[in-house]
Amino acid sequence: MSKLRVTDLHKSFKKLEVLKGIDLEITEGEVVCIIGPSGSGKSTFLRCLNLLEVPTKGEIEIDDQLITDKKNDINKMRENIGMVFQQFNLFPHLTVKKNIMLAPVDLKLKTAEEAEKKAYELLDRVGLREKADVYPKKLSGGQQQRVAIARALAMEPDIMMFDEPTSALDPEMVGEVLGVMKELAAQGMTMVIVTHEIGFAREVADRVIFMDEGVIIEQGPPKEVINNPQNQRTKDFLNKVL
Ligand code: ADP
Ligand code: MG
């Protein structure tokens, strides 16, 4: 079953064409890792999927609903997509628990009581229940990113997108964040992950996509794309990062 379908997606910033026609279909529960050189348009692509950027051309469908249709309520569509960035962007003036409760309560999707219950459940999932009443600055980077994941999950999204979620972390904290993501994948979440963690992609992804200069160069199961790339650009890239 198709969860997300992208057809001929283009995005330009003034004269700079960043995405040059991307087609992609992701099925429910699929875990897709996107790899590729810096500047190739990976973040722009994720931002388009979430309509943080408006595509210049092309269509994006989620559950067969055209989210690029101006008639549709973008905010409502966006609620179904959880997004985790390199920078955790937690609200510094709110405790961990309040960070997680904020969006569902503000959008009146949950009462404060329901949101709090859910926050504890999510903190259990990311292993941080004991940090519920702590402020973000008291947490390590890895802990903050786990809270950011919990916060995204609080909206009960259908799809989770990650843009280099471990790139800003000290090496010793990368594992704990990837561990949470791995569990999420095992629980059947549909995930799109931009990452330089090739080992993680090899282990967890159903499909790896290599992107360069605004197009998909090569895609397939990790065994193929990572262990046996066909395209010279993919080979060159993997040689640099592995
Ligand atoms: P990646 O995530 O693969 O490193 P990005 O999507 O961040 O690549 O960027 C791709 C290209 O688009 C870069 O040349 C970048 O400078 C440009 N770009 C990204 N966002 C903007 C923007 N808001 N305005 C102008 N140029 C942008
Ligand atoms: Mg990027």
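First listed ligand is number 1; within each ligand, the first listed atom is number 1. Computation of the quantities below employed the complete heavy-atom set of this structure, encompassing side-chain atoms and omitting hydrogens, waters and symmetry-equivalent molecules.
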Nearest-neighbour protein heavy atom for [atom], which is reported as residue plus atom name and distance:
atom: atom 8 (O) of ligand 1; result: Gly41 N, 3.2 Å
atom: atom 26 (N) of ligand 1; result: Phe13 CD1, 3.4 Å
atom: atom 15 (C) of ligand 1; result: Leu16 CD2, 4.7 Å
atom: atom 7 (O) of ligand 1; result: Ser43 CB, 3.7 Å
atom: atom 13 (C) of ligand 1; result: Gly39 O, 4.2 Å

Subject >> Exercise check, heavy-atom protein proximity under 4.0 Å to atom 22 (C) of ligand 1 >> reply: yes

Does the distance from a Lys or Arg side-chain N to an Asp or Glu carboxylate O, for [X] and [Y], drop under 4.0 Å?
X: Arg125; Y: Glu183; answer: no
X: Lys76; Y: Glu79; answer: yes
X: Asp8; Y: Lys57; answer: yes
X: Glu176; Y: Arg146; answer: yes

Near Thr44 (heavy-atom distance under 4.0 Å), the atoms of ligand 1 are 5 (P), 6 (O), 9 (O), 19 (C)

Note: ligand 1 atoms sitting under 4.0 Å from heavy atoms of Pro37 are 3 (O)

For Lys138, does the NZ atom have more than 12 heavy-atom neighbours from other residues, nucleotides or ligands under 6.0 Å away? no

- Query: Are Arg151 and Phe91 in a cation-pi setup, meaning NZ or CZ lies under 6.0 angstrom from the ring centre and within 45 degrees of the ring axis?
  - Reply: yes

In terms of its nearest heavy atom to atom 3 (O) of ligand 1, the top option of Glu164, Gln86, Lys42, Glu213 is Lys42

Practice prompt. Could you tell me whether the Mg ion (ligand 2) has an N, O or S atom of Ser43 under 2.8 Å away?
Written response: yes

Check your understanding: Any N/O of Val18 closer than 3.5 Å to an N/O of ligand 1?
Key -> no

Fill in: Joint cluster assignment, Ile22 & Ile81, ILVMFWY side-chain distance < 4.5 Å
yes

Exercise for review: Keeping the roles fixed (side chain from Ser167, backbone from Gln86), state whether a donor-acceptor pair exists under 3.5 Å.
Suggested key: no

